[in-house]
Amino acid sequence: MPRRFRIDRRRLLTGAAAAAGAPLLGGCDKVAADPRARHVLEQTEVLTRWVQRLLTPRTALAPEYAEEDISPAFKPNGTTNPDDDDYQDMVANKFADWRLDVGGLVARPAKFTMDALRAMPSRTQITRHDCVEGWSCIAKWKGAMLGPLLRQVEPAPNARYVVFHCADPMDSESMAGAEKYYESIDFYDAYHPQTILAYDMNDAPLPVRHGAPLRLRVERQLGYKMAKYLMRIELVENFASLGAGMGGSWEDRGYAWYAGI
Ligand SMILES: Nc1nc2c(c(=O)[nH]1)N[C@H]1C(S)=C(S)[C@@H](COP(=O)(O)O)O[C@H]1N2
Ligand SMILES: [Mo]
């Protein structure tokens with residue numbers, strides 16, 4: 001178990017204790033006087049995450065299904081064919097030149113070919129994808145487990161989040177500037193056994209509409225966290241330098257960063 005887990009576990013318990021005590025104190029002033037509690041109260045989202053994690057074991061798996069449960073037609077959503085010249089060149093070249101670039105706060109930055117990823121520890125899982133828009137589909141996913149990949153690049157002690165940079169430009173009507181889809185998760189989810197970088201869907205290479213050549217599966221969260229068209233993974237200490245600073249393209253537009261289900 002990585003050391004980070006033990007640290008976060010302690011933080012989790014401290015935070016939950018502060019949160020649980022908050023309503024009993026009656027007055028907000030008292031709560032606000034405790035810097036730890038104030039921190040919790042200022043971040044309701046962090047609180048939700050803590051409570052959820054207290055109620056479900058950290059290692060709990062998302063439900064898995066049988067082959068016969070697989071949806072005959074899995075709905076593609078969001079970007080289904082990135083409007084990006086570099087990406088289209090890769091499609092034309094069958095992704096022969098594609099590499100997954102892993103860097104940021106790591107001791108050993110690396111570029112992974114698809115062959116290298118396919119040779120890494122993998123997991124296959126039949127899971128249900130829940131989109132925030134209200135639909136669900138079940139599929140079988142196979143991919144490289146993110147945990148072993150991260151251990152290989154050696155996260156720096158101050159790395160707190162794993163950021164996924166995608167190939168597709170976000171529609172910039174709602175926000176200024178040319179920005180590409182990005183998402184982030186913390187190390188709880190990064191080291192979760194069902195968190196994989198999926199290259200196969202239903203026993204075939206991931207099709208373009210579902211994120212070829214590689215997409216994230218983070219099974220205990222909603223669909224928008226599952227970044228498709230992965231190009232680069234970056235370990236960071238915070239989100240300040242990314243987009244509008246909320247940790248993801250949809251988060252920058254008001255969605256919750258922690259989308260637990
Ligand atoms: N790069 C990228 N990843 C993305 C999206 C996107 O538009 N671009 N849409 C998200 C949303 S909202 C959902 S529900 C799922 C859809 O995945 P699917 O196309 O395989 O159904 O991808 C998520 N990941
Ligand atoms: Mo979604």
Side-chain angles (χ1 to χ4, degrees), residues 2 4 74 76 78-127 129 139-156 159 161-170 179-187 189-219 223 225-236 242 248-249:
R4 189 182 320 281
F74 195 109
T79 302
T80 51
N81 188 10
D83 182 10
D84 177 80
D85 290 346
D86 292 340
Y87 181 82
Q88 291 303 330
D89 287 348
M90 285 189 263
V91 173
N93 202 11
K94 297 190 161 56
F95 298 104
D97 299 325
W98 173 90
R99 300 284 183 275
L100 179 69
D101 183 328
V102 186
L105 299 175
V106 301
R108 302 162 63 87
K111 284 189 166 75
F112 295 89
T113 61
M114 186 52 79
D115 285 350
L117 289 169
R118 284 185 177 272
M120 295 186 71
S122 70
R123 195 175 196 280
T124 302
Q125 58 210 28
I126 300 176
T127 52
H129 177 107
K140 184 201 274 189
W141 306 97
K142 180 182 183 188
M145 296 174 75
L146 183 57
L149 184 144
L150 289 180
R151 283 185 199 107
Q152 196 170 320
V153 298
E154 295 176 20
Y161 302 100
V162 183
V163 181
F164 302 88
H165 295 280
C166 308
D168 53 320
M170 270 306 265
E179 175 215 339
K180 288 186 172 172
Y181 198 100
Y182 77 101
E183 258 306 334
S184 62
I185 59 174
D186 61 18
F187 281 87
D189 278 319
Y191 286 117
H192 187 281
Q194 286 171 322
T195 299
I196 61 175
L197 302 176
Y199 40 70
D200 285 346
M201 178 185 188
N202 299 334
D203 301 310
L206 194 63
V208 166
R209 64 185 178 282
H210 293 296
L214 195 73
R215 67 106 45 95
L216 175 67
R217 294 301 307 172
V218 48
E219 304 292 358
K225 299 298 288 190
M226 316 227 195
K228 309 196 282 188
Y229 316 110
L230 294 182
M231 297 293 133
R232 185 162 65 91
I233 291 180
E234 180 188 13
L235 272 65
V236 299
L242 303 164
S249 296

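Positions are given from 1 along the sequence.
Closest heavy-atom contact between Leu242 and Tyr182: O-OH, 3.4 Å. Closest heavy-atom contact between Lys142 and Ser122: CE-OG, 3.7 Å. Here the closest heavy-atom approach between residue Gly104 and residue Glu234 is recorded as CA-CG, 4.1 Å. Here the closest heavy-atom approach between residue Leu230 and residue Cys166 is recorded as CD2-SG, 4.3 Å. Scanning all heavy atoms of the two residues, the minimum distance from Ala190 to Val162 falls at CB-CG2, 3.9 Å. Nearest heavy atoms, Met201 versus Pro207: SD-CD, 4.2 Å.
Contacts of Lys94 classified as salt bridge (Lys or Arg N to Asp or Glu O under 4.0 Å), with partners at least two apart in sequence or in another chain: none. Applying the side-chain contact (heavy atoms from CB on, under 4.5 Å) test to Lys225 and every residue at least two apart in sequence or in another chain returns Glu183, Ile185, Val218, Gln221, Glu251, Trp257, Ala259. Under the salt bridge (Lys or Arg N to Asp or Glu O under 4.0 Å) criterion, Asp83 pairs with no residue at all, not counting sequence neighbours. The salt bridge (Lys or Arg N to Asp or Glu O under 4.0 Å) search around Asp168 returns none, not counting sequence neighbours. Taking the side-chain contact (heavy atoms from CB on, under 4.5 Å) definition, one finds that Val106 meets it with Pro109, Val153, Leu235, sequence neighbours left out. Partners of Asn93 under the side-chain contact (heavy atoms from CB on, under 4.5 Å) rule, at least two apart in sequence or in another chain, are Ala96, Asp97. Partners of Tyr199 under the ring pair (Phe, Tyr, Trp, His ring centres under 6.0 Å) rule, at least two apart in sequence or in another chain, do not exist in this structure. Tyr87 meets the ring pair (Phe, Tyr, Trp, His ring centres under 6.0 Å) test with Phe95, Tyr229; sequence neighbours excluded. Applying the ring pair (Phe, Tyr, Trp, His ring centres under 6.0 Å) criterion to His129, with sequence neighbours excluded, gives Phe74, Trp135. Evaluation of the side-chain contact (heavy atoms from CB on, under 4.5 Å) rule for Pro169 yields Asp84 as partners, not counting sequence neighbours. Legend: residues meeting salt bridge (Lys or Arg N to Asp or Glu O under 4.0 Å) with Asp86, ordered by chain and number and at least two apart, are absent.
Counting non-hydrogen atoms of other residues, nucleotides and ligands closer than 6.0 Å to CG of Asp89 gives a total above 12.
Interatomic distance, Met170 CE to Tyr181 OH, rounded to the nearest 0.5 Å: 6.5 Å. For the atom pair CG of Asp85 and CE of Met90, the computed distance is 11.0 Å after rounding to the nearest 0.5 Å. Going from atom CE of Met145 over to atom OG1 of Thr195 covers 8.5 Å, rounded to the nearest 0.5 Å. Between atom NZ of residue Lys111 and atom CZ of residue Arg232 there is a gap of 10.0 Å, rounded to the nearest 0.5 Å. Expressed to the nearest 0.5 Å, how far CG of Leu214 lies from CZ of Arg99 amounts to 13.5 Å. Taking OG1 of Thr127 as the reference point, atom CH2 of Trp141 lies at 7.0 Å (rounded to 0.5 Å).
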Test side chain to side chain contact (heavy atoms under 4.5 Å, CB included) applied to Phe112 and Leu197, step by step: CA-CA 12 Å; Phe112 295 89; Leu197 302 176; over 6 Å; no
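Of the options Val163, Leu146, Asp101, a side chain to side chain contact (heavy atoms under 4.5 Å, CB included) to Ile233 is made by Leu146 and by none of the others.
Of the possible donor and acceptor atoms, none in the side chain of Thr79 sits under 3.5 Å from a partner among the backbone N and O of Pro82.
Each salt bridge (charged side-chain N to carboxylate O under 4.0 Å, His left out) pair with one or both residues in residues 196-219, not counting sequence neighbours, appears once here: Arg118-Asp200, Lys140-Asp203, Arg217-Glu219.
A heavy-atom distance below 4.5 Å is found between the side chains of Met120 and Gln152.
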